[in-house]
Amino acid sequence: QVQLVESGGGLVQPGGSLRLSCAASGRIFSIDVMGWYRQAPGKQRERVAIIVSAGGGSTYYADSVKGRFTISRDNAKNTVYLQMSSLKPEDTAVYYCKTVRVVSGTPFVSWGQGTQVTVSS
């Protein structure tokens, strides 16, 4: 099992920046995918960005955040980051960290507790 703790959320003005962190512990050696998701009030949870362990750390972004958000991973610190820039009010949501381990074809998913990001003037 993987335990995840997010941090870095808060209140920021439109156009501002924030960096979210997600520290992983437990069975971290076999994490295949780490990613960030978000859920705004009244909306479904959506994928924001993911980074894949295989293939040199390929990254994928939702169209709504491309060019503004950057996901990265520090293997030495077992941490994944989400650098968010040019923030918009529509980025307001609870942001969740997620990991996926695939063991013998079976995915094992872990979620963090979430961190609130509010973009408002």
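Values reported hereafter were calculated over all heavy atoms of this structure, with side chains retained and with hydrogens, waters and symmetry mates removed. What you are looking at is a predicted structure, and each value in this text was computed from that prediction instead of being measured.
- Smallest separation of non-hydrogen atoms from Ala49 and Leu82: CB-CD1, 4.2 Å.
- For the residue pair Ser21 / Glu6, no side-chain donor-acceptor distance below 3.5 Å is found, with atom types taken as modelled.
- Across Gln39 and Lys43, no two heavy atoms sit closer than the pair NE2-O, 3.1 Å.
- Here the side chain of Arg101 pairs no donor or acceptor atom with the backbone of Phe108 at under 3.5 angstrom.
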With a cut-off of 3.5 Å and sequence neighbours excluded, list every side-chain donor-acceptor pair involving residues 13-20.
none

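- Trp36 places a side-chain heavy atom less than 4.5 Å from the side chain of Cys22.
- Linking Ile, Leu, Val, Met, Phe, Trp and Tyr residues whenever their side-chain heavy atoms come within less than 4.5 Å places Tyr61 and Met34 in a single cluster.
- When the side chains of ILVMFWY residues are joined at heavy-atom separations under 4.5 Å, either directly or via intervening members, Val12 and Val48 end up in a single hydrophobic cluster.
- Side-chain heavy atoms closer than 4.5 Å link hydrophobic residues (I, L, V, M, F, W, Y) into clusters, and following such links, even through other members, never connects Leu11 to Val117.
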(Q) Before you tell me yes or no, could you show the steps for Cys97 and Val80 under side chain to side chain contact (heavy atoms under 4.5 Å, CB included), namely the whole-Å CA-CA distance, both residues' side-chain angles and the distance that decides it to 0.1 Å? (A) CA-CA 8 Å; Cys97 180; Val80 64; 3.8 Å; yes
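- Of all non-hydrogen atoms in Ser64 and Arg38, the two that sit nearest each other are OG-NH2, 3.4 Å.
- With Tyr37 as the fixed residue, the ring pair (Phe, Tyr, Trp, His ring centres under 6.0 Å) test singles out one of Tyr95, Tyr96, Trp111: Trp111.
- The pair Asp63-Lys66 meets the salt-bridge criterion, with a side-chain N (NZ, NE, NH1 or NH2) lying under 4.0 Å from an Asp/Glu carboxylate O.
- At least one donor-acceptor pair under 3.5 Å links the side chain of Thr92 to the backbone N or O of Val119.
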Check residues 70-79 and write down every donor-acceptor pair under 3.5 Å in which the side-chain atom is one partner and the other belongs to a residue at least two apart or another chain.
{"unit_1": "Arg73", "atom_1": "NE", "unit_2": "Asn75", "atom_2": "OD1", "d": "2.8"}
{"unit_1": "Arg73", "atom_1": "NH1", "unit_2": "Ser53", "atom_2": "OG", "d": "2.7"}
{"unit_1": "Asp74", "atom_1": "OD1", "unit_2": "Ala76", "atom_2": "N", "d": "3.0"}
{"unit_1": "Asp74", "atom_1": "OD1", "unit_2": "Lys77", "atom_2": "N", "d": "3.2"}
{"unit_1": "Thr79", "atom_1": "OG1", "unit_2": "Lys77", "atom_2": "O", "d": "2.8"}

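- Under the 4.5 Å side-chain heavy-atom criterion for grouping Ile, Leu, Val, Met, Phe, Trp and Tyr, Phe69 is not connected to Tyr81 through any hydrophobic cluster.
- Both Ile50 and Val102 belong to a common hydrophobic cluster when Ile, Leu, Val, Met, Phe, Trp and Tyr are linked at side-chain heavy-atom distances under 4.5 angstrom.
- Atom OG of Ser110 is separated from atom NZ of Lys98 by 10.0 Å, given to the nearest 0.5 angstrom.
- With a 4.5 Å cut-off on side-chain heavy atoms, Val109 and Thr99 do not count as touching.
- Between atom OG of residue Ser86 and atom CZ of residue Arg68 there is a gap of 7.0 Å, rounded to the nearest 0.5 Å.
- The two residues Val100 and Pro107 have their closest heavy-atom pair at CG1-CB, 4.1 Å.
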